[in-house]
Amino acid sequence: MAKQSMSPQPLTPAVFHILLSLADGEKHGYGIMKHVELQTKGGIKMGPGTMYGSIKRMLAAGLIEETEERPDPELDDERRRYYRLTAVGRKVAVAETQRLTQVLKIARQKHITVCS
Amino acid sequence: MTTNSSLELSRRLYSGLLKLYPRDFSGEFGSAMIQLFTDQCRCAVRESGTRGMVFLWLRTISDLIGSVLREHLASPRASLGLLEAVPNKPLPWKGVALVMIPCLLFFAGQIGTLAGEDWFFTFARRAAYYLIVPVLLVWFVKRKFPIWGLIPLGIFYRTLFDVSYRVKAILESSIAARYESPLSLSARFWKTNPEVLRFSARMLIWLQKYEDAIKILAAVMLGSAIVFLVAWLVRRRSFSTGAWICTMGLLAFTVLEIYSGIITYVSKYKWSWDRMVGYRNWMWMHFLQNAKDANYTVLADAMGFVLLILIGAVLARRHGRLAMLLPLGYIIPTVILGRFDYSPDVPFFLIWAGTSVLIYRMLVTLVAPIWIVRSASEGKQLRAGAIGLLVAVGLIVITHTWYTFAFTAPDWAGWEGVYLYYSISPELILAAGMVMALLLYRKPESAQTATGLEPVGAVTSQG
């Protein structure tokens with residue numbers, strides 16, 4: 001399938017969190033979802049539609065790829081599909097992180113900070 | 001219900017709901033999504049029991065609605081019936097269902113009114129107008145017109161029809177507090193809402209003050225729209241003789257509209273009627289009177305008319321000539337439905353009978369075009385088209401004549417032709433629009449199939 005270009009940054013929260021989730025290794029859909037939920041302390045709860053819609057677009061843009069390797073079928077359901085980050089996906093994640101860092105720096109310069 | 005059975009039921013329900021997604025999307029990710037949802041269910045039950053399951057379903061449904069819309073809009077082969085994405089193909093079943101939903105809304109409203117429920121009038125006559133919103137949304141995102149948008153478009157046309165004269169009529173009659181039609185608000189409402197009454201009065205005064213200016217402005221806008229339409233057609237493809245006839249007709253119509261607006265203005269402010277009578281120019285008088293009668297309704301008709309020609313031409317190019325029965329089948333019922341006035345004097349059985357006929361007619365006019373676009377052979381399509389059109393038009397003529405007779409019996413004798421004309425005039429306008437669209441129609445070059453057979457319904461215009 002021809003790669004489609006993802007829209008320029010900023011990435012959507014769902015896409016960015018999926019990228020972050022896959023940064024430390026391949027995962028299946030439910031694994032990604034739980035990881036995102038844990039990372040954001042329940043702030044982002046993706047449903048199957050949002051999750052696989054984002055995955056579809058990320059696959060098309062070449063940010064992630066499906067892995068052929070499967071765990072032992074006795075340990076896992078064979079219907080699960082595993083995804084991992086591509087080199088392009090890692091670059092995009094780094095670029096988005098840099099962008100957010102820059103935004104945070106500007107906010108701090110303007111003394112816009114979160115009061116706890 | 002045991003946990004396992006509730007899990008199984010949820011899984012099956014969710015599997016069914018996946019059909020709402022575009023086929024290519026659900027085909028690729030369907031099983032993975034079911035697996036993910038099943039995992040979520042297990043987790044929800046384990047952590048919070050039934051309550052967790054309920055919350056999960058609420059979250060899943062909101063996710064489903066958003067993602068279904070997103071995927072349909074993003075799908076390159078959207079199966080919602082986007083005209084340019086699926087040319088020369090039957091209306092998909094999802095499209096058929098979407099077409100039927102607004103129709104069912106109308107049914108509910110129409111039947112509800114029989115029970116004397118006022119709010120059903122809003123439901124039947126106004127709420128469904130907002131169905132144009134998703135159509136416009138799809139058009140805005142995809143720049144393509146969805147075929148399932150024809151019903152809302154019919155309603156939109158009806159709205160144009162309404163806005164022109166009904167606002168004024170309702171304002172006038174509401175202030176006079178003597179307008180008994182359920183279309184208007186009740187006298188009690190006006191008594192308890194004086195601020196709305198004051199606003200209505202101000203609106204009416206404003207409308208009366210600038211009535212002629214609005215007419216001229218609307219006429220100029222209409223003229224501009226037609227010029228743009230013609231320019232677009234000239235740029236896109238060569239004109240057939242039929243298209244020239246159509247264009248000339250439209251231009252003449254526009255000139256007449258603008259002229260009537262100017263004449264109205266002049267007759268009101270520059271010359272008095274007495275002076276005109278003094279000239280004893282009967283022809284001129286007659287023409288002036290006609291020009292004064294050219295009200296918003298005419299302009300609204302004209303706008304709807306242009307719209308119909310455009311849609312008809314687009315449909316014909318994409319789906320063949322018979323596809324134009326789609327707007328004809330859809331728009332007629334929506335135009336007609338708003339025409340059944342109720343009054344305390346009308347016997348109840350007449351209302352029931354009229355409503356039954358309306359429902360039957362709507363079914364016929366809706367089902368026939370769907371039958372046409374789903375029929376395999378051209379012969380069957382032609383037969384279906386002929387039957388559908390004849391039944392629809394026949395019913396319109398018969399019921400309107402009956403309707404007119406039922407409500408205007410004392411003045412009826414000797415005026416049959418006039419009443420009949422008034423009864424079927426919107427349909428005549430529609431039919432004329434369709435004929436003009438046919439004249440505009442030309443077989444697209446790409447419509448030739450590889451086998452040399454013509455696509456269904458594609459016949460070169462003789463115009």
Side-chain angles (χ1 to χ4, degrees), chain A residues 1-7 11-15 17-18 21-22 26-38 40-61 63-68 70-71 73 75-84, chain B residues 7-8 10-48 51-78 141:
Chain A
M1 185 168 57
K3 297 274 188 280
Q4 294 168 9
S5 61
M6 276 294 269
S7 54
L11 301 175
T12 64
V15 168
H17 280 288
I18 293 172
S21 170
L22 293 175
E26 63 185 53
K27 287 183 186 67
H28 54 68
Y30 186 64
I32 297 170
M33 205 189 68
K34 290 302 282 182
H35 193 258
V36 170
E37 207 175 311
L38 203 70
T40 59
K41 293 176 184 166
I44 294 181
K45 288 181 177 174
M46 282 187 280
T50 306
M51 163 72 78
Y52 280 99
S54 304
I55 283 178
K56 184 185 122 185
R57 279 177 271 283
M58 290 166 81
L59 283 169
L63 302 184
I64 58 171
E65 61 189 0
E66 196 173 342
T67 60
E68 298 298 325
R70 290 276 186 279
L75 298 174
D76 199 14
D77 194 310
E78 61 179 10
R79 282 176 301 182
R80 289 191 200 281
R81 293 165 74 166
Y82 283 74
Y83 302 95
R84 70 174 164 222
Chain B
L7 277 177
E8 180 57 21
S10 290
R11 198 189 66 79
R12 284 171 66 178
L13 267 175
Y14 189 71
S15 306
L17 288 170
L18 285 184
K19 289 190 174 67
L20 294 171
Y21 286 97
R23 197 173 298 159
D24 52 352
F25 181 80
S26 55
E28 192 175 350
F29 297 105
S31 58
M33 286 167 79
I34 293 169
Q35 180 60 41
L36 195 152
F37 180 70
T38 312
D39 287 342
Q40 280 186 307
C41 287
R42 283 200 197 103
C43 182
V45 170
R46 197 171 52 239
E47 286 176 5
S48 318
R51 195 170 61 91
M53 197 72 160
V54 170
F55 279 113
L56 174 66
W57 261 110
L58 289 175
R59 225 171 52 221
T60 305
I61 285 170
S62 90
D63 173 72
L64 187 91
I65 294 167
S67 56
V68 161
L69 276 175
R70 239 182 347 259
E71 292 310 320
H72 272 294
L73 289 173
S75 170
R77 282 180 51 79
V141 175

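Basis for what follows: all heavy atoms, side chains included, without hydrogens, waters or symmetry-related copies. Just so it is clear: chains get the letters A, B, ... in the order the sequence lines come, proteins before strands, and each one is counted from 1.
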### Task
Evaluate the side-chain contact (heavy atoms from CB on, under 4.5 Å) criterion for residues B:Leu36 and A:Tyr52: first the C-alpha distance (whole Å), next the side-chain angles of each, then the deciding distance (0.1 Å), finally the verdict.
CA-CA 10 Å; B:Leu36 195 152; A:Tyr52 280 99; 3.5 Å; yes
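Between A:Leu59 atom CG and B:Glu28 atom CD the span is 7.0 Å, to the nearest 0.5 Å. Between the CZ atom of B:Phe55 and the NZ atom of A:Lys45 there is a distance of 9.5 Å, given to the nearest 0.5 Å.
In terms of non-hydrogen atom pairs under 4.5 Å with chain B, the most contact-rich of A:Gly31, A:Gly49, A:Gly29 is A:Gly49. Note on B:Leu56, B:Leu64, B:Asp39: by heavy-atom pairs under 4.5 Å with chain A, the leading option is B:Asp39.
No donor-acceptor distance shorter than 3.5 angstrom exists from the side chain of B:Asp63 to the backbone of A:Met46, with no hydrogens or angles considered.
Of all heavy-atom pairs spanning A:Gly53 and B:Glu71, the tightest one is CA-OE2, 3.3 Å. Taking each heavy atom of A:Tyr30 and B:Gln40 in turn, the nearest pair found is CE1-N, 3.7 Å. The minimum heavy-atom distance between A:Lys34 and B:Cys43, with the atom names listed, is NZ-SG, 3.5 Å.
Both the backbone and the side chain of B:Phe29 have a heavy atom closer than 4.5 Å to some heavy atom of chain A.
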